[in-house]
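Excluded from the calculations below are hydrogen atoms, water molecules and symmetry mates; all remaining heavy atoms, backbone and side chain alike, are included. As the structure lists them, so they are numbered: ligands from 1, and atoms in each ligand from 1.
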Amino acid sequence: MKFYSTNNPSLRVSMEEALLRSLPADRGLYMPETIPFMGADFFNSISDGSLSDIGFQVSKALFKDSIPSDKLEELVHHAFPFDTPVVTLEDGKTHVLELFHGPSLAFKDVGARYMAAMMGYYLEKSNQEVHILVATSGDTGGAVAMGFLGVPGIKVTILYPSGRVSDLQEKQLTTLGQNITAIEVDGSFDDCQALVKTAFTDSELNRQFRLASANSINIFRLIPQSFYYARAYGQVKQFGKPVVFSTPSGNFGNLSAGALAYKMGLPVQQFIASTNLNYVVPKYLETGIYEPKPSVETISNAMDVGSPSNFVRLTHLFDDHYETLKQILTGYFFNDEQTKQAMEAVYQQFDYVMCPHTAVGYLGLTSYQQSNPGVCGITLATAHPAKFKELVESVIHKPVEIPAALEELMNRPKHSFKMKADFDEFKEFLLQTA
Ligand SMILES: *Cc1c(COP(=O)(O)O)cnc(C)c1O
């Protein structure tokens, strides 16, 4: 399998290069040269396949010429020791695809763990080392830290804004040790991101290290997210109704992965792009005008993105034509008040607890169903409600339990290096720990 750049369709690079470089030099995004059409038989035969079974079948279709099949099977099974079950709220009408059973309790585990497994394979084979730099406002850092923990050949440095991530998120970043280092920056998320971006362009650092990114611009975080759309379809096809997915979205990696599954032949009637007040994509679907904006803060803060980096992939995959895109994709956006009301209503009606991001997805689904009754709806649940414990408890007035594995992290001591938002200091730190 080769990859091209969205800015230059005639460019072709190997799987290894797309994986380790993350971004083509022309600042486009890597895309697979061909997307295998899996066919109706495949999707109709997966009702009881686990995430790793489906993941292996699709990975084989994509990468059999790059990685031997038995090795690929081992890597995929190692990446997914957890499943992504569908929970039914109303038979054949309202379902929740729970993507939060991985180690950091958010869907980003799926992409981070698959990418880590693939990187580990190539680095071991070529005896190389890679240094991953990540800036995080919370969720990405946790998934990357836990996904890359202990992977040979990989060192991870995570920068996060001091005092601006939740206690639970901070513990995920700062208590693991081994190959994971956390830097607590006296500044904002944007300061952290600026330090990382400058590091990627610094010639001395690039001579010393092979620097890499684990952001969702890396196509290997996105590919595995297509597997769980297929997994969910397998679980609801027994109802014999047209299937729609509602994806709570920020950077639009998750929805792009749905588009990838669609290209593989997944029988979906409609995708729903559900956002908070960072609504550039729903507005685009309404007006045809794409207008990125500075982000606004909401309670579904992992979706506070004003200029989604995967928008190009989304349009590329579904269709570059606005009119045809509109046939398969519907957009809705909601404010914080509506989100809290939905969390409360779902709890009252179904005794089910949603995180605020998942509640935005649920709102998108119910809005669509008002004018399209009779469809089987699946909302993607992107995080465990315990990740947003204080907020969720204040809405549903009931304690939210933290899963045991995370409770254990909460008792571990924090290790972080405090630093000002100063590039020279950051660079010196990296060079000393080389
Ligand atoms: C990252 C994240 C999102 C947004 O996903 P995108 O792929 O960026 O659209 C939604 N919900 C949660 C909980 C997240 O962590």
Side-chain angles (χ1 to χ4, degrees), residues 29 84 96-112 114-115 134-147 160 165-166 168-169 172-173 189 214-226 228-229 245-261 271-282 292 295 298-315 317 329 331-334 339 343 353-364 379-389 391-392:
L29 293 172
T84 53
V96 182
L97 169 56
E98 291 188 344
L99 302 174
F100 52 69
H101 297 284
S104 84
L105 305 187
F107 81 96
K108 291 187 174 75
D109 286 323
V110 173
Y114 186 86
M115 184 180 158
V134 204
T136 185
S137 56
D139 268 0
T140 300
V144 168
M146 295 188 140
Y160 71 96
V165 301
S166 75
L168 208 141
Q169 285 172 328
Q172 290 181 338
L173 306 174
F189 167 68
N215 196 281
S216 70
I217 49 170
N218 193 304
I219 183 76
F220 285 85
R221 261 189 60 181
L222 218 120
I223 287 169
Q225 291 174 215
S226 67
Y228 50 66
Y229 285 88
F245 283 97
S246 175
T247 307
S249 296
N251 244 330
F252 283 83
N254 208 357
L255 191 60
S256 298
L260 199 58
F271 287 93
I272 301 162
S274 302
T275 74
N276 57 31
L277 289 186
N278 295 282
Y279 47 47
V280 283
V281 172
S295 63
T298 75
I299 56 168
S300 46
N301 55 21
M303 313 198 306
D304 293 349
V305 181
S307 178
S309 47
N310 281 300
F311 179 73
V312 174
R313 279 201 177 114
L314 189 70
T315 51
L317 278 164
L329 185 62
Y332 297 101
F333 60 89
F334 304 94
T339 307
M343 289 163 69
V353 183
M354 286 180 172
C355 88
H357 310 80
T358 307
V360 168
Y362 175 80
L363 283 166
T379 296
L380 276 62
T382 49
H384 192 290
K387 285 203 99 165
F388 304 90
K389 190 172 159 60
L391 174 84
V392 174

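- Minimum interatomic distance between Ser246 and Pro248 (heavy atoms only, all atoms of both residues): O-CD, 3.6 Å.
- Between the CG atom of Asn254 and the OH atom of Tyr229 there is a distance of 4.0 Å, given to the nearest 0.5 Å.
- Near ligand 1, residues Phe107, Lys108, Asp139, Pro248, Ser249, Gly250, Asn251, Phe252, Gly253, Asn254, Ala302, Met303, His357, Thr382, Ala383 come within 4.0 angstrom through at least one heavy atom.
- The backbone N or O of Gly253 lies less than 3.5 Å from no partner atom in the side chain of Asn251, so there is not a single donor-acceptor pair.
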Given Val144 and Thr136, is the side chain to side chain contact (heavy atoms under 4.5 Å, CB included) satisfied, shown in steps?
CA-CA 10 Å; Val144 168; Thr136 185; over 6 Å; no
Side-chain donor/acceptor pairs under 3.5 Å, residues 379-386, sequence neighbours excluded:
{"residue": "His384", "atom": "ND1", "partner": "Ala386", "partner atom": "N", "Å": "2.9"}

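- For the pair Thr247 (side chain) and Ser249 (backbone), a donor-acceptor distance under 3.5 Å is absent.
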